[in-house]
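Structure, as structure tokens:
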Amino acid sequence: MKKSQAWLLLTIVCSIYTSAYALEENGNSLVEAYGEEEFLYIATGRKQTVSQAPAVASIISAKTIRQMGARDIDEVLETVPGLHVSYDAGGYNPIYQIRGITSSFNPQVLMLINGVPITNIFTGNRSQAWGGMPVENISRIEVIRGPGSALYGADAFAGTINIITKNSTEIDGFEIGASAGSFDEYRGWLQYGGSLAGWKTAFSAQVLDTHGQHEKIDADLQTALDTGFGTSASLAPGSLNLGRQSLDTRIDISKDNWQIRLGYQGRRHGETGAGLFQALDPAGEADADRYNADITYLNNNFSENWDFKAQYSFFNTVTKTDLVLLPPGAFAGAGVFPDGVIGEPDVYERHNRIDLSAFYTGFQNHDLRIGGGFHHQDQYKIEEKKNFDTILTMFGPVLIPKGSVEDVTNTMPFNQEKTRKIYYGFVQDAWDFAPDWTLTAGLRYDHYSDFGNTFNPRLALVWQTSYRLTSKLLYGRSFRAPSFAEQFNINNPVALGNPDLDPETIDTYEIAFDYTATDDLKIGFNVFYYKMADIIRFNPTTAENTGKQTGHGVELEANWKATKKLSFYGNYAYQSSEDKDSHSDVANAPTQQLYLRTNYELTPIWSVNSQINHVRDRKRTSIDLRPEIDDYTVVNLTLRAREFAPGFEFAVSARNLFDEDTREPSEGPASPISPVSIPNDLPLAGRGLFVELRKSFN
Amino acid sequence: MYLKKLLKIFVFVAFFCVTALADDALLANANFKITVFYPDVRKPYSDFFKTIISGIKEQSNQSIHLQIIDKSTNESDIFESLQQNKPDVVILLGGNFKPLQDKIAASYNTIHGATFFNNKDALNGRVGISMDPEPAQLFTELIKIHPAIKKIHVVFEANSNGWLIQRAAQAAKNKGLILVSHEASSTQQAALIYRELARNNNHSENALWLLHHDPTLDTKSLLPRILADAWKYKQVVISSNPSHVRRGALLSLLPDNQKIGQDLALVANNMLNGQKINIEPMRTSLVVANIRTAKHLSGTIRLQQKNNFALTYPRKNN
């Protein structure tokens with residue numbers, strides 16, 4: 001090749017390369033123009049929310065949720081400092097343990113979807129057939145640790161989890177996606193965000209079909225019964241049963257000051273985990289249908305200095321269960337059950353709410369929020385079929401075979417059709433009483449048609465200490481209303497309701513610091529102390545306000561953007577709680593938790609996200625003689641490719657990468673001499689691999 | 001007297017309507033072609049260009065041809081396409097390929113958008129909408145929440161932001177404010193000026209305005225010092241760069257992408273009508289404010305975290 005030709009070729013190659021390179025616009029130059037990625041969303045019309053009382057809170061965005069490869073809300077909540085997700089044997093329903101406050105039904109945590117509670121009044125939790133919640137339609141999750149009753153009312157006790165779903169501006173046109181992986185898990189979703197007939201419209205449908213993880217249970221309650229009665233009915237050692245199917249759909253339409261939201265969560269063939277009676281039950285299933293609707297009017301310029309919001313919301317929840325509480329061949333004190341101990345309790349409830357609130361800014365140095373409302377809770381149908389009766393003897397409960405499954409709805413139901421009316425009013429004032437100092441004081445009054453009145457105050461003193469430091473001193477009182485199971489259980493001599501119950505109460509004191517060390521490093525630190533009273537327990541068989549508990553601890557979190565491509569988030573939580581009745585440490589919740597997440601953008605397309613979660617020092621109850629449950633460390637890894645082809649995204653994710661043996665505590669013994677039903681605790685999933693593919697059309 | 005005033009208003013309104021109608025009639029009859037080039041970027045940044053394009057389409061009644069520029073596109077593709085389409089106006093979005101932009105601008109009526117401009121661009125007759133917010137709007141928002149301010153200080157490098165400062169001085173004057181511009185040629189020189197401004201001024205009447213892009217404003221080392229000093233001495237700081245608000249500036253303006261698109265279309269129409277066009281800052285009413293800073297500064301009107309702000313800081317995210 002001649003020299004000149006070589007030069008020409010080189011020049012052409014260089015010019016093509018230079019041109020192609022020069023034409024490539026990357027996101028970073030836009031970040032420079034905008035400063036922050038979130039400006040992009042703001043500019044497209046997402047609304048700001050009115051400020052709440054200062055609290056120790058975490059917000060997890062859709063972006064973070066996707067980066068970590070979470071498939072269910074529990075995986076997200078586990079990353080919040082001071083919050084640990086444990087599980088109950090029955091259905092493996094989640095127990096959101098916040099700052100050491102834990103119980104098997106977990107009614108001490110309030111979960112809201114778009115500010116509306118999804119509490120089931122029967123057990124006070126999210127439903128006994130909860131079945132998880134997928135995350136594709138979640139815009140952000142706001143978690144307040146500590147008291148929230150001054151604003152949210154009942155059950156904002158140990159903490160409040162508010163799930164905000166995506167609106168039309170957050171779903172870009174039409175999106176579809178699917179994931180599949182270990183445990184025969186298949187997910188699919190379809191979402192739309194846009195404008196239809198002048199209404200901003202968001203639609204989402206998410207489906208799931210899974211066999212669930214199937215770790216082994218070595219021994220269960222039936223194993224102990226078999227030992228005592230000489231039978232051999234237990235299915236243990238055997239696998240957990242965690243299969244389920246679910247459908248989650250939501251519609252969100254808005255125009256001017258109006259917003260209408262409809263939602264449905266269907267759960268089918270929800271298997272029983274380690275069994276409601278802590279005896280393996282591969283035949284039992286739970287189904288749930290949960291409908292919600294709300295219509296909201298929001299006017300930010302209602303009149304001079306006034307914002308106004310009015311909302312009507314409706315929530316209908318039906319939980320149906322067909323359970324084999326003890327397996328075929330079981331003997332439970334008074335006869336053999338050839339088909340097993342069968343119980344089929346169903347609960348139907350509906351909730352109607354009207355909430356009004358206004359924000360007034362006309363007073364110098366004050367922001368005033370007032371509101372009130374009405375809430376009608378209606379457990380409108382109870383149905384039950386079963387093949388046993390329960391009697392209590394001096395040796396303990398005995399199950400007597402009926403011979404066949406009978407409908408006992410009208411004769412011996414487990415609970416009652418009941419209603420409850422709640423009227424409430426609140427006032428909150430944020431007063432800037434000196435430069436850099438704000439005192440927020442709030443008080444909410446609730447009148448319950450059953451137990452009467454409750455007042456819950458909130459005080460927050462915020463001091464903007466310096467350019468980089470904000471200090472907060474917080475106090476709040478919260479309450480948990482007794483559930484209908486605790487109030488109205490009947491015909492169950494082991495757990496009888498008590499209509500005269502008072503709510504549980506908690507007083508919490510917190511000192512919190514937010515420190516912006518540099519523009520790229522933020523640190524949060526808080527110290528807390530709480531005191532619970534009137535804890536509702538079946539003591540020994542009837543629900544009573546008996547327990548007292550105190551706790552204290554610290555939480556530390558740090559968020560560091562090391563470079564434009566590399567970011568770290570980590571938190572550490574320590575809590576120590578004491579049961580004042582037994583003068584012993586509160587069992588089951590971790591004393592310490594350590595979490596670290598790293599996100600690295602390898603290229604504009606590829607990114608990798610790693611998470612390490614360490615859970616340690618979970619105590620046993622004072623009468624539980626088992627050795628302490630092992631600490632565990634779980635590593636998750638997600639590799640993601642964004643826009644590898646127009647509109648496409650792909651991810652592969654490993655959960656519990658090193659297949660660590662992870663267990664959550666099973667229920668301890670009822671008395672010092674009784675056996676533990678599941679001695680070797682509740683195993684969590686081993687290593688799982690999942691792939692996901694999504695495509696957006698716009 | 002009163003009648004005369006009314007008549008004046010009527011004449012003004014009538015003139016405005018006739019002008020507007022004439023413009024519309026002229027443009028409706030014309031069949032001009034506009035080609036919009038925009039870069040291929042990943043989400044969510046692609047939304048930024050999509051919204052601008054949507055604004056252009058909303059405002060313009062011309063025939064609009066869109067062309068994406070991605071990694072595989074090279075200059076010859078672009079010029080081939082231009083020769084085929086023969087656009088009357090080319091709108092170039094994004095600022096990463098200046099040599100190519102200059103080549104296009106040499107042959108076609110070109111408007112630049114979604115980018116920043118310097119003095120040289122202004123002198124060379126570039127036309128477009130800058131990502132710098134309109135200073136007049138920034139000053140209006142400042143006076144709304146801090147009415148006592150009389151003087152606004154700005155430190156700038158003349159070759160980069162001279163055109164903007166000139167415009168801002170007039171805007172300030174129109175609002176009864178005084179813009180005190182401090183020219184600096186290096187970060188060191190600027191740092192000294194910022195320090196003096198923080199320490200030696202009556203901050204109840206003086207505010208500091210930070211520019212979006214200026215070679216003398218180093219965001220890593222100098223900006224944190226400026227903002228820390230501002231906190232210490234209770235100096236009011238506004239900025240053309242909304243990200244400075246997260247770091248502690250009192251307020252800024254966010255780009256309104258739809259509006260940028262509309263304004264680009266208007267510039268195109270004016271260009272087609274043969275009007276002389278310059279570089280214009282972007283117009284927007286999306287205010288971003290720092291509530292924490294507002295509470296710290298005495299004399300600031302109470303900011304409610306309401307919807308009259310597009311965004312408020314501080315925010316808690318992890």
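A, B, ... follow the sequence lines: proteins, then strands. Residue 1 opens every chain. Since the structure is predicted, the reported quantities are computational estimates derived from the model, not experimental observations.
Atom-to-atom distance recorded for D519(A):CG and L227(B):CG is 8.0 Å, nearest 0.5 angstrom. Distance CG/D436(A) to NE2/H296(B): 5.0 Å, rounded to 0.5 Å. To the nearest 0.5 angstrom, Q464(A) atom CD is 4.5 Å from W231(B) atom CH2.
Counting only heavy atoms from C-beta outward, the side chains of R468(A) and P224(B) approach each other to under 4.5 Å.
Proximity to chain A is absent for every atom of L297(B), based on heavy atoms less than 4.5 angstrom apart. At a 4.5 Å heavy-atom cutoff, the contact between T470(A) and chain B is made by backbone and side-chain atoms alike.
Taking the charged nitrogens against the carboxylate oxygens, D520(A) and K220(B) do have a contact shorter than 4.0 Å, which makes a salt bridge.
Within a 6.0 Å radius of NZ in K695(A), other residues, nucleotides and ligands contribute more than 12 heavy atoms. Other residues, nucleotides and ligands place more than 12 heavy atoms under 6.0 Å from the NZ atom of K234(B).
Ranked by heavy-atom pairs under 4.5 Å with chain B, the first of A434(A), S567(A), P435(A), S466(A) is S466(A).
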